[in-house]
Amino acid sequence: MKKIKIFKFLLPFVVVVLLMIGLAKIVPAQSSISVHLTLGNPSNAGTSSLNNYLLVKPQYVISYNCSIGRANWVSWQLNSSWLGSTPRQDNFRPDTTLPFGCYQVQSTDFSGSGFDRGHMTPSGDRTNSITNNSATFLMSNMIAQAPDNNQGIWASLEDYARTLVGQGKELYIISGGYGMGGTGSNGRFYTIANGRVQVPNITWKIIVVLNTPGLGLAGITTSTRVISVNIPNMQGVRTANWRNYRVSVDSLESLTRYNFLSQVSTSIQSVIEARVDNL
């Protein structure tokens with residue numbers, strides 16, 4: 001009798017635990033952290049490592065690498081709700097939310113280097129408010145980008161992404177730099193800012209295009225368009241067509257060792273990550 005009473009007493013708790021486990025499988029944990037991590041956390045960034053430090057902001061999410069003075073990757077959502085008529089704020093400034101022991105890159109650290117303060121989450125993707133646009137000018141959102149890359153081919157792809165949003169699409173975007181050593185207007189450099197900021201060798205970006213906004217992961221199928229590019233961080237690409245630098249997500253995973261789109265079902269991942277966009 002005592003065993004039966006104990007079982008009856010514990011039964012409701014067991015049911016709750018099982019329900020919680022079930023819900024955890026249904027609702028991706030990353031999505032609950034931030035909408036910008038809907039597709040996953042490519043490097044499992046957290047707060048225990050200064051070289052893979054997670055910065056969750058309302059406007060985007062960063063895996064920051066204190067040892068090289070720039071982001072490993074930046075991830076953000078883009079749909080019509082983020083766009084408006086707010087002008088570019090141009091208030092470049094250090095990110096004071098970086099952890100203790102991590103150098104805060106200054107707005108002047110790129111001066112005279114021959115490299116642009118290149119946005120990862122673009123200013124043009126956050127024009128619905130002054131606060132949101134201003135957030136894109138934190139130096140944690142910048143990488144040392146060759147002017148021809150930043151102002152030319154990279155800007156062209158950013159404009160194209162916003163064109164897709166104008167067509168009613170919703171985008172999930174991840175971008176970053178890889179490697180060491182780029183060629184700016186003053187020649188080739190491996191670091192700037194007295195060695196505090198590493199210059200990447202390439203700039204990469206992944207854009208997942210959802211035809212129906214608001215569906216999140218449920219809107220991703222084997223037919224979902226995914227644009228991935230791998231562009232050298234150098235002069236001479238200003239007028240180049242970004243379409244000529246398209247690659248598969250699988251190739252970027254092999255290069256960076258990150259696990260992109262990890263919250264997407266593996267059966268869908270295997271298809272869309274192997275495909276190279278051709279539209």
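Below, each value reflects all heavy atoms present in this structure, side chains not excepted, and no hydrogens, waters or symmetry copies.
Shown here for Leu83 and Gly124, the closest heavy-atom pair between the two residues is CD2-O, 3.4 Å. In this structure, Ser140 and Ala71 approach most closely via the heavy-atom pair O-CB, 3.9 Å. In plain terms, the two heavy atoms of Thr224 and Ile272 that are nearest each other are O-CG2, 3.9 Å. Here the closest heavy-atom approach between residue Asn41 and residue Leu54 is recorded as ND2-CD1, 4.1 Å. Between Ala161 and Ile207, the shortest heavy-atom distance links the atoms CB-CD1, 4.2 Å. Heavy-atom minimum distance, Gly181 versus Tyr190: CA-CD2, 3.5 Å.
The backbone N or O of Thr191 sits nowhere less than 3.5 Å from a side-chain atom of Gln198 that would complete a donor-acceptor pair. Side chain of Asn233 to main chain of Pro200: a donor-acceptor pair is present (N/O by atom type, distance under 3.5 Å, no hydrogens or angles). Proximity of a side-chain donor or acceptor of Thr203 to a complementary backbone N or O of Ile231 within less than 3.5 Å is detected. Judged by distance alone, the side chain of Ser113 and the main-chain N or O of Phe110 form a donor-acceptor pair under 3.5 Å. Remark: the backbone N or O of Asn91 is paired with a side-chain donor or acceptor of Arg93 at under 3.5 angstrom. Panel note: side chain Tyr245, backbone Ala240; no donor-acceptor pair is recorded below 3.5 Å. Formation of a donor-acceptor pair under 3.5 Å by the Asn79 side chain with backbone atoms of Pro213 is not found in this model. Looking at Asn128, its side chain does come within 3.5 Å of a backbone N or O of Ser81 through a donor-acceptor pair. For the pair His119 (side chain) and Thr136 (backbone), a donor-acceptor distance under 3.5 Å is present. Formation of a donor-acceptor pair under 3.5 Å by the Ser248 side chain with backbone atoms of Ser251 is found in this model.
Side-chain contact check for Cys102 versus Phe100: every heavy-atom pair is 4.5 Å or farther apart. Residues Gln269 and Phe260 are not in side-chain contact: their nearest non-hydrogen atoms beyond the backbone lie 4.5 Å or more apart. Within the 4.5 Å cutoff, side-chain heavy atoms of Leu217 are placed close to those of Leu39. Within the 4.5 Å cutoff, no side-chain heavy atoms of Val209 are placed close to those of Val226. Between Val61 and Trp73, some side-chain heavy-atom pair lies under the 4.5 Å cut-off. For the pair Ile174 and Val74, the minimum side-chain heavy-atom distance is 4.5 Å or more. Contact check for Glu273 versus Glu253: side-chain heavy atoms found under the 4.5 Å cut-off. Annotation: side chain of Arg188 is in contact with side chain of Thr183 (closest heavy-atom distance under 4.5 Å).
Judged by the 6.0 Å and 45° rule, Arg117 forms a cation-pi pair with Phe92. A cation-pi arrangement is absent between Lys57 and Trp76, since the terminal nitrogen or guanidinium carbon is not both under 6.0 Å from the aromatic centre and inside a 45° cone about the axis. Both tests pass for Arg243 against the ring of Tyr160: distance under 6.0 Å to the centre and angle within 45° of the axis.
Separation of atoms CG (Asn149) and CZ (Phe115) is listed at 10.5 Å; rounding is to 0.5 Å. The CE atom of Met120 sits 8.0 Å away from the CD atom of Glu158 when rounded to the nearest 0.5 Å. Interatomic distance, OG of Ser270 versus CZ of Arg275, reported as 10.5 Å (0.5 Å rounding). If you take CG on Asn133 and CZ on Arg126, they are separated by 10.0 Å, rounding to the nearest 0.5 Å. Here the CG-CD1 distance, from Leu215 to Ile220, works out to 10.0 Å after rounding to the nearest 0.5 Å. Rounding to the nearest 0.5 Å gives a distance of 11.0 Å between CG of Asp109 and CD of Gln104.
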> Does the side chain to side chain contact (heavy atoms under 4.5 Å, CB included) test come out yes or no for Gln89 and Ser123, once each step is laid out?
Replying inline: CA-CA 8 Å; Gln89 297 301 297; Ser123 164; over 6 Å; no

> Would Gln151 and Asp116 satisfy side chain to side chain donor-acceptor pair (under 3.5 Å), going step by step from the backbone distance to the final call?
Replying inline: CA-CA 9 Å; Gln151 300 170 32; Asp116 286 355; 2.8 Å; yes

>> Evaluate Ser67 against Asn51 for side chain to side chain donor-acceptor pair (under 3.5 Å), listing each step before the verdict.
In response: CA-CA 6 Å; Ser67 68; Asn51 295 335; 3.2 Å; yes

> Step by step, would you call Leu171 with Leu210 a side chain to side chain contact (heavy atoms under 4.5 Å, CB included)?
Replying inline: CA-CA 6 Å; Leu171 313 180; Leu210 275 64; over 6 Å; no

> What's the verdict on side chain to side chain contact (heavy atoms under 4.5 Å, CB included) for Ile227 and Ile206, showing C-alpha distance, side-chain angles and the deciding distance?
Replying inline: CA-CA 6 Å; Ile227 305 167; Ile206 298 169; over 6 Å; no

>> Before you tell me yes or no, could you show the steps for Arg225 and Asp277 under salt bridge (Lys or Arg N to Asp or Glu O under 4.0 Å), namely the whole-Å CA-CA distance, both residues' side-chain angles and the distance that decides it to 0.1 Å?
In response: CA-CA 7 Å; Arg225 185 184 184 189; Asp277 179 65; 2.7 Å; yes

> Does the pair Gln77 and Tyr60 meet the rule for a side chain to side chain contact (heavy atoms under 4.5 Å, CB included), with working shown?
Replying inline: CA-CA 7 Å; Gln77 178 200 59; Tyr60 50 83; over 6 Å; no

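The aromatic ring centres of Tyr172 and His36 sit 6.0 Å or more apart.
Trp82 and Val208 are members of different hydrophobic clusters when ILVMFWY side chains are connected at heavy-atom separations under 4.5 Å. In this structure, Val264 is not a member of the same hydrophobic cluster as Val271, with clusters built from ILVMFWY side-chain heavy atoms closer than 4.5 Å. Side-chain heavy atoms closer than 4.5 Å link hydrophobic residues (I, L, V, M, F, W, Y) into clusters, and following such links, possibly through other members, connects Ile143 to Leu98. Criterion: ILVMFWY side-chain heavy atoms under 4.5 Å apart, direct or through other members. Under it, Met234 and Val199 are part of a common hydrophobic cluster. Taken together through direct or relayed side-chain contacts under 4.5 Å among Ile, Leu, Val, Met, Phe, Trp and Tyr, Met139 and Tyr53 form part of one hydrophobic cluster.
A donor-acceptor contact closer than 3.5 angstrom is absent between the side chains of Asn72 and Tyr178. Inspection of the Asn132 and Gln59 side chains reveals an N or O donor paired with an N or O acceptor under 3.5 Å. Side-chain contact of Asn52 with Ser43: a donor-acceptor pair under 3.5 Å is present, judged by distance alone.
Between Asp125 and Arg162 there is a salt bridge, with a side-chain nitrogen of the basic residue lying less than 4.0 Å from a carboxylate oxygen of the acidic one.
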